[in-house]
Amino acid sequence: MKKQLIFSSLLLKGFSSVIIQTLLMRELFIVFYGNELTFGIILSVWLIAGAIGSGFIGNLFKNPFNAIRSYCLFQILLSIWLPLAIILIRTSKVLLGVSFAEAFGIGHIVIISILSLLWLALCDGALFNVGFRLVSSVSGPQESSVAKIYLLESLGVIVGGMAFTFIFLTIFNSFQIAFLISVLNLLCCSLLLTHDKNKWLKAASWLIFLNFLGLYVQSPIFQKLTLAQQWQKKHIVAYENSVYGNIAVSLELSQYTIFYDGLPTISIPMPETYFTEDFIHIPLLAKPNARKILFVGNAVGGLLTEALKYPVSKIVYVELDPVFIKIIQSLKEPTTEKELESPR
C-alpha cells in the first residue's frame, strides 16, 4: 500500500506541476499584456528556480528516514503559496501603484514573476529530488528509481495537461483550480503521514487539508474580490477562460469593451464610425461586383453592419477563439444581435 501511495504521489507531482505552470503563466499574461519577452522571463524564472530547488534545496534533506516528512513539507508549502500567488498577480498593479491601462516596465515584470513563481518552482524542484529518495526506499536499485520517477512524473504531466485544457478550463475558475490542486496535494500528504509516529504532525496535516477544503468551497469569493482589484473598479460583465486565452468584457456608458489576455480588442458598438465606414466602403465601392466577403476577427459591432448595406450574397465571419463569439452573443447587444442574426 505504501509503495502504491508513493508512486501515486509522484504522478500527482507531475500532474500538479504542469497545471500550476500553465495556470500562473496565463494569469501573468493578462497583467503583463503578454508577448514573447514576458513569456521568456516567466519561463526563465521557473526553470532557474526549479533547478535550484532540485539541485540545492532538495539536497538539504538527504536523510532517507525523513523522506516522507520532507516530501510532505514541500507539498504543504506549495499548496499554501499557490492561491496566494494568484492573489499577488491580480493585485500587483494596485500594490505597485500602476494604473489599469499602464503597462508594466521590464523591472516590474521581473519582480512580479519572481515573487509569484519562485517559491512554487523551488518546491517543485525539491519535490523531484526528495521524490527520488522516496522511490529508492521502496523500489531497490538507484538506476531503476531514476527511471521510475521520470516515468511517473511524465505520465502525470501528460494527464495534467489534458485535464487542464479540456476539463478544468471549461468548468472551473482560476481559484477553483488552484484550491483543487492544493487540496489534492494536502490529501496526499496526509495519507503519506498515516504511519508516522508523531500524532501531532498527522493531526496538523489533516487540519490544513480540511481548511483548504473549506477554502475551495469559498473560491468564488476569492475570484470576485481579486478580479475587482485586477480590473480596478471597471464593471466586468463577463469573464471566461478558453483553451486559447482569457476573455473579459467591461461595460461603461452602454458600450462594451472586450479584452483578450488583458488587451482591449474591440468596442461594441464601435465608436470610430470613420474607421468602419472607410474600412468597408472604400474597398466595396472599388469592387462593386463583390458577392462574398470574409472577415477574420473583430468584425462585430460595426464592420458587419456596414458590409450588410451592400448587395452581397454571403458574409463569412471567423474568430480564432469560439468562446469569443459565445460571449458576444451572451451580451444581447442590439447591434451585434442584428448582425449575427442576418441570414446572409
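Side chains are part of it too, since the values below use all heavy atoms of this structure and drop only hydrogens, waters and symmetry mates. Everything numeric here is computed off the predicted structure, so don't read it as measured data.
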Sequence neighbours left out, what passes side-chain contact (heavy atoms from CB on, under 4.5 Å) with [X]? Give chain and number order.
X: Leu187; result: Leu191, Trp206, Phe209
X: Leu192; result: Leu5, Ile6, Ser9, Ile68, Tyr71, Cys72, Gln75, Cys188
X: Lys338; result: none

Do [X] side-chain atoms and [Y] backbone N/O form a donor-acceptor pair below 3.5 Å?
X: Thr336; Y: Glu333; value: yes
X: Arg291; Y: Lys314; value: no
X: Glu339; Y: Gly301; value: yes
X: Ser190; Y: Ser205; value: yes
X: Thr226; Y: Gln223; value: yes

Below 4.5 Å, heavy atoms only, C-beta onward: do [X] and [Y] meet side chain to side chain?
X: Ile293; Y: Leu284; value: yes
X: Arg26; Y: Leu169; value: yes
X: Leu186; Y: Leu210; value: no
X: Phe324; Y: Thr265; value: yes
X: Ile86; Y: Leu24; value: yes

Within 6.0 Å of [atom1] in [X], more than 12 heavy atoms from elsewhere:
X: Leu320; atom1: CG; value: no
X: Glu102; atom1: CD; value: yes
X: Phe104; atom1: CZ; value: yes

[Y] versus [X], side-chain donor and acceptor atoms under 3.5 Å:
X: Asp261; Y: Asn246; result: no
X: Tyr216; Y: Gln218; result: no
X: Ser219; Y: Asn173; result: no
X: Ser242; Y: Asp321; result: yes
X: Asp124; Y: Ser17; result: yes
X: Glu306; Y: Thr276; result: no

Checklist entry - With under 30° as parallel and over 60° as perpendicular, where do the rings of Phe164 and Phe168 fit, or are they tilted in between? => result perpendicular

Next on the checklist: My understanding is that only residues two or more places apart in sequence, or in another chain, count here; which of them pass salt bridge (Lys or Arg N to Asp or Glu O under 4.0 Å) with Glu27?
Outcome noted: Arg90

Next on the checklist: According to ring pair (Phe, Tyr, Trp, His ring centres under 6.0 Å), does anything in residues 37-57 pair up with another residue at least two apart or in another chain? List the pairs.
Outcome noted: none

Checklist entry - Which residue pairs satisfy the ring pair (Phe, Tyr, Trp, His ring centres under 6.0 Å) criterion with at least one member in residues 280-303, sequence neighbours excluded? => result His281-Tyr310

Checklist outcome for this item: Here the salt bridge (Lys or Arg N to Asp or Glu O under 4.0 Å) pairs for residues 188-201, sequence neighbours left out, are Arg69-Asp196

Who are the side-chain hydrogen bond (donor to acceptor under 3.5 Å, both in side chains) partners of [X], not counting sequence neighbours?
X: Lys93; result: Tyr33
X: Lys326; result: Glu240
X: Gln230; result: none

Checklist entry - Given Leu115, which of Leu118, Ile111, Ile112 fulfils the side-chain contact (heavy atoms from CB on, under 4.5 Å) condition? => result Ile111

Checklist entry - Using the benzene-type ring in the case of Trp, are the ring centres of Phe74 and Phe128 under 6.0 Å apart? => result no

Checklist entry - Distance from Leu340 atom CG to Ile325 atom CD1, nearest 0.5 Å? => result 6.0 Å

Checklist entry - How long is the span from the CD1 atom in Ile266 to the CD1 atom in Ile328, to the nearest 0.5 Å? => result 6.0 Å

Next on the checklist: Under 4.5 Å side-chain heavy-atom separation, chaining through any Ile, Leu, Val, Met, Phe, Trp or Tyr, what else clusters with Tyr239? Say none if it is isolated.
Outcome noted: Ile30, Phe100, Leu227, Trp231, Ile236, Phe259

Checklist outcome for this item: Residues pairing under side chain to side chain donor-acceptor pair (under 3.5 Å) where one sits in residues 151-168, two or more places apart or in two chains, turn out to be Lys13-Glu153

